[in-house]
Structures are given as C-alpha cells and as structure tokens.
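Structure, as structure tokens:
Numbering of residues begins at 1 and proceeds along the displayed sequence. Ligands are counted one by one from 1 in listed order, and the atoms in each one are counted from 1 as well.
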Amino acid sequence: MSDSCIFCAIATRRAPARFVYQDDSACSFLDINPLRAGHTLVVPRRHVHDLTDDGAAEAVAAIGRALHETALLLTTRLDAAGISVLQSNGAAAGQEVFHLHFHLVPRHPGDGQLTDHTPDEGARLALDETHRTLRGGAT
Ligand code: AMP
Ligand code: ZN
C-alpha cells in the first residue's frame, strides 16, 4: 500500500468511492470524471504502478473476476450494448493515477468515439443515480 495513493485509500475505505463491485483482491468504482454513464475503474487492492511494475502479473490476475463481474453489471443494469476497455501506463500514455487500473466504459450504438479525456457532463451530474441503478436500486 502507498500512503499517498488515492486508489489505495479507496481500496482500504479511507477515501470514499461509489463502489460497483468488491472482492478480496480487487474492487471497482465509478470514475468521478466519466467519459460515459457507468464509466468504472477496476483496481487491484495491491499497489502496483502500472503493467511494467514488479508484481503487475499477479495484480492483473487478481482483477480477473472483478473485470468480469463489473462488465456483467454494466451490461445487465445499465443495458450497455458494448464495453470499451482503456488502460494507460506511464505519464507519456496519459496515466494520471499511478496505481494500476482498467477503465470499463459502457457503449451504445452511435455514441461516438472515445477520442479524448473530456468527461460527459450529464454522466458526471448523474453519478449518484447511475450508482443506485448499478446497485439494483439499493441506497
Ligand atoms: P488514468 O489517466 O488512466 O490514470 O485515469 C485516472 C482516472 O481516475 C481518471 O479518469 C480520473 O477521473 C479518475 N479518478 C481520479 N481520482 C478519482 C477518485 N477519487 N474516484 C474515482 N475516480 C477517480
Ligand atoms: Zn495505490
């Protein structure tokens, strides 16, 4: 764990997040700047910087179930027709949080290309509502 890492803080419940899925080795939660409604980050609980870091192979293995379960929730609860997976390694690739993570972005026919990092303002304003829907209406 890294004391200064926001995703470590979320994974240990020291910082808030809108959790979508959790197990012993991984968790997923809504991105606060969503590219589309339901944009979710899947994160290993163990801190590794990126895919080049020592321990990255184990960290990737540890998030397999979380990737699957999160994708299922986005599909069944948000009616996603598809899911784009984004992942950045290093500042040159646009990585901003240096704790390995995968972006799962729900997609619908005709919703345009994911060409930049401009959040969807409507999706940002609807984060709590999207979270309720993903949790099956639970508060
Ligand atoms: P990346 O560019 O792949 O490192 O993406 C980092 C992502 O983390 C961005 O999309 C941010 O909006 C998101 N993010 C940063 N802080 C938080 C947070 N506290 N809760 C949820 N998402 C966050
Ligand atoms: Zn971390």
Exercise for the section: Under 4.0 Å from a heavy atom of N33: give me the atoms of ligand 1 that qualify, with their elements. Expected result: 12 (O)
Handout entry: Proximal ligand 1 atoms for F29, defined as those under 4.0 Å from one of its heavy atoms
Key = 21 (C)
Handout entry: Min heavy-atom dist G94 to ligand 1 below 4.0 Å
Key = yes
Practice task
Take the Zn ion (ligand 2) as the vertex and measure to SG of C5 and SG of C8; round to 10°.
Solution key: 120°
Problem - Those atoms of ligand 1 less than 4.0 Å from some heavy atom in L41 - result: 8 (O), 13 (C), 22 (N)
Problem - Pairwise distance OG(S25) to CZ(R65) - rounded to 0.5 angstrom - result: 9.5 Å
Practice task
Please find the N/O/S atom of H99 nearest to the Zn ion (ligand 2) and write down its name.
Solution key: ND1
Problem - ligand 1 contacted by F98 (non-hydrogen, < 4.0 Å) - result: no
Exercise for the section: Side-chain contact test, heavy atoms from C-beta onward, threshold under 4.5 Å: evaluate it for L114 versus R36 and give yes or no. Expected result: yes
Practice task
Check the pair Y21, L134 against side-chain contact (heavy atoms from CB on, under 4.5 Å), reporting the backbone distance first and the verdict last.
Solution key: CA-CA 10 Å; Y21 171 83; L134 276 167; over 6 Å; no
Exercise for the section: Around atom 15 (C) of ligand 1, find the nearest protein heavy atom and jot down its residue, atom name and distance. Expected result: V97 CG2, 4.0 Å
Handout entry: Test item, L86 contacting ligand 1 (heavy atom, 4.0 angstrom)
Key = no
Exercise for the section: Give a yes or no on whether E129 atom CD has more than 12 heavy-atom contacts from other residues, nucleotides or ligands under 6.0 Å away. Expected result: no
Exercise for the section: Find all atoms of ligand 1 within a distance of less than 4.0 Å from any non-hydrogen atom belonging to D31, and give their numbers and elements. Expected result: 7 (C), 8 (O), 9 (C), 10 (O), 11 (C), 12 (O), 13 (C), 22 (N)
Practice task
Please determine which of V20, V42, L41 meets the side chain to side chain contact (heavy atoms under 4.5 Å, CB included) test together with F29.
Solution key: L41
Exercise for the section: Find, among atoms of H47 that are N, O or S, the one nearest to the Zn ion (ligand 2), and state its name. Expected result: ND1
Practice task
Report whether L30 and L78 are members of the same hydrophobic cluster (ILVMFWY, side-chain heavy atoms less than 4.5 Å apart, transitive linking).
Solution key: yes
Fill in the blank from the handout: One should read off an interatomic distance between H101 NE2 and E96 CD, to the nearest 0.5 angstrom, of 8.0 Å
Problem - Proximity winner for atom 5 (O) of ligand 1, if only heavy atoms of Q87, E96, Q95, H101 are counted - result: H101
Practice task
Kindly compute the distance separating CD1 (I32) from NE2 (H39), expressed to the nearest 0.5 Å.
Solution key: 10.5 Å
Exercise for the section: Mark up the atoms of ligand 1 that fall under 4.0 Å of a heavy atom belonging to L30, in ascending order. Expected result: 21 (C)
Completion exercise
Interatomic distance, NE2@H131 vs CZ@R77, rounded to 0.5 Å, equals 11.0 Å
Practice task
Would you indicate which of I6, I32, N89 comes nearest to atom 20 (N) of ligand 1 when only heavy atoms are counted?
Solution key: I32
Exercise for the section: Determine whether the side chain, the backbone, both or neither of F102 has a heavy atom under 4.0 Å from any heavy atom of ligand 1. Expected result: neither
Completion exercise
Taking only non-hydrogen atoms of H103 and a 4.0 Å limit, the atoms of ligand 1 in range are 1 (P), 3 (O), 5 (O), 7 (C), 10 (O)
Practice task
Over all heavy atoms of both residues, which pair between R46 and G55 is shortest? Give the atoms and the distance, please.
Solution key: NH2-CA, 3.9 Å
